[in-house]
Amino acid sequence: MPTAGNSVLRLLPSIDELLRTPAMDALARQKGRAPVLDATREALQQLRTEIASGDVDQAQITARVDGLPLRVEQQLQRTIAHSLRPVINATGVILHTNLGRAPLSRAALEHLAEVSEGYSNLEFNLSTGERGKRDVHVNRLFAKLLNTAEREVSTIVVNNNAAAVLLALNSLAEDGEVLVSRGELVEIGGSFRIPDVMSKSGAVLREVGTTNRTRIGDYKAAISERTRLLLRVHRSNFQIVGFTEQPSLEELVALGRKHDIPVMEDLGSGEIFDLRSVGVRGEPMIADSLRAGVDVVTYSGDKLLGGPQAGIVSGNPALVAKVSGNPLFRALRVDKMFYAALEATLLAYLREDYDSIPALRMMRISEDALAQRAKQIAERLRASCPNLQVEVIESRSVLGGGAAPGSTLPTRVLGVKSEGLNADELCARLRRWETPIIARVEEERVLLDLRTVESARDEAIVLALESIWQ
Ligand SMILES: *Cc1c(COP(=O)(O)O)cnc(C)c1O
């Protein structure tokens, strides 16, 4: 009814009138005029829409107008709240790319805060008082962790491994050819595809061998005066099984040496701690590749290394210097926060304090410890929420982040089911909890894997499930 609507609309205060009320004035002083003005405009507009659609009649209008300051405040709370928030990862996927990959260690966070809240010697040599280089801070630690008796290794850091691969290819092979096995033309999530990265780097991809079998002879036959690099790419998120063949790193290195062509390996994950001790096989260790003679390796900082997002290039000092001398390096560099977090993470490796690095701690935690925690939570929930069915179930956790696709870790998960709510709805309510809890649904049950939940958060899981049920 346009006429009725219009007469009701006339009862609405103007923005100015509204902003002059004591409640709104106080809000503006507290939260700032501009956001309060925006929120007021939106709240008024919402009310106008409600009136126009006939939802509000003359009798209700006064109550709605009186409720406007509250609406403004709620609106404001939504707009000035953080959008990026912590969540509880109960998926059991340790390096969950959508949930931020590796959580940082306490030491990394403290060092990051200490270095970033003021000034630092990021690019300043304290002994000479002259300009320094930011890479010295982590290069010295990588040298200790990766140097083998036979060779010297230097390391630089960029924004992520995709950047490291792009930069290394551009620095070492622009306008030349790079030989890659057809079985290694991988796509990693988020549109990182070897052929695309190669073409953006200005190098020409020269495929050798077949999808399942590539021999050293295939590389040898493809070498020409245009060949600049032999590239090995780790198949981080898939496996080729059956009738397969791939030359060893040693064979590739020997071929490269013979023709004076460097060998580069994109390791993806960058393992420093030997995960075979927790039953994870198939992930190459950085030091093993360097020991085999690979000239340059690239890997991520926030996969198995358990540090901040970063792309790391380690290897032969002359080649690494070529990479850091590329003008693109300046465009891909990272800031002091990354160096601080990475430095603290590497120091934990040097101290062999592996459990201080959350991703490693989660991989190393025992099945018994997980079973114990799951049992305790299940018992509490059975006592407090009789309408919930809670079981402890044997399951497997995965590393995630494109690491060791074939390896899983034995775990115990909580399986939660109820009469009143279906599993998808229960999962959705857990996501709406004040610290959202991310779980998965399998066979009509919500599954919560405690491997990726800090034990201090077990209480939050109990409280969330209790509050949904009471
Ligand atoms: C993960 C991965 C990348 C990409 O690394 P980001 O750090 O995500 O950029 C590249 N290559 C391989 C083999 C990988 O596993």
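Each ligand, and each atom within it, is numbered from 1 in the order the structure gives. These numbers were taken from a predicted model, which means no experiment stands behind them.
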Heteroatom proximity flag, Arg101 to ligand 1, N/O under 3.5 Å: yes
Interfacing atoms of ligand 1 (cut-off 4.0 Å, heavy-atom, Gly268): 12 (C), 13 (C), 14 (C), 15 (O)
Flag for Asn212-Thr244: side-chain donor and acceptor within less than 3.5 Å: no
Contact partition for Ile188 relative to ligand 1, non-hydrogen atoms under 4.0 Å: side chain
Check: Glu367 main-chain N/O paired with Arg412 side-chain donor or acceptor under 3.5 Å: no
Arg361 to Tyr354, cation-pi by 6.0 Å centre distance and 45° axis angle: no
Distance filter under 4.0 Å to Ser300 heavy atoms, resulting ligand 1 atoms: 5 (O), 6 (P), 7 (O)
Polar atom proximity, Asp266 to ligand 1 (N or O, under 3.5 Å): yes
Identity of the nearest option to atom 14 (C) of ligand 1, non-hydrogen atoms only, from His234, Lys303, Arg235: Lys303
Partner of Glu123 under salt bridge (charged side-chain N to carboxylate O under 4.0 Å, His left out), chosen from Lys336, Lys133, Arg131: Arg131
Side chain, backbone, both or neither: the part of Glu184 lying under 4.0 Å from ligand 1 by heavy atom: neither
Side-chain heavy atoms of Asp458 within contact of Gln376, under 4.5 Å: no
Polar proximity ligand 1 side, Leu267 side, N/O cut 3.5 Å exclusive: no
Candidate pair Arg431 and Ile438, rule side-chain contact (heavy atoms from CB on, under 4.5 Å), full reasoning: CA-CA 6 Å; Arg431 283 200 304 276; Ile438 317 297; 4.1 Å; yes
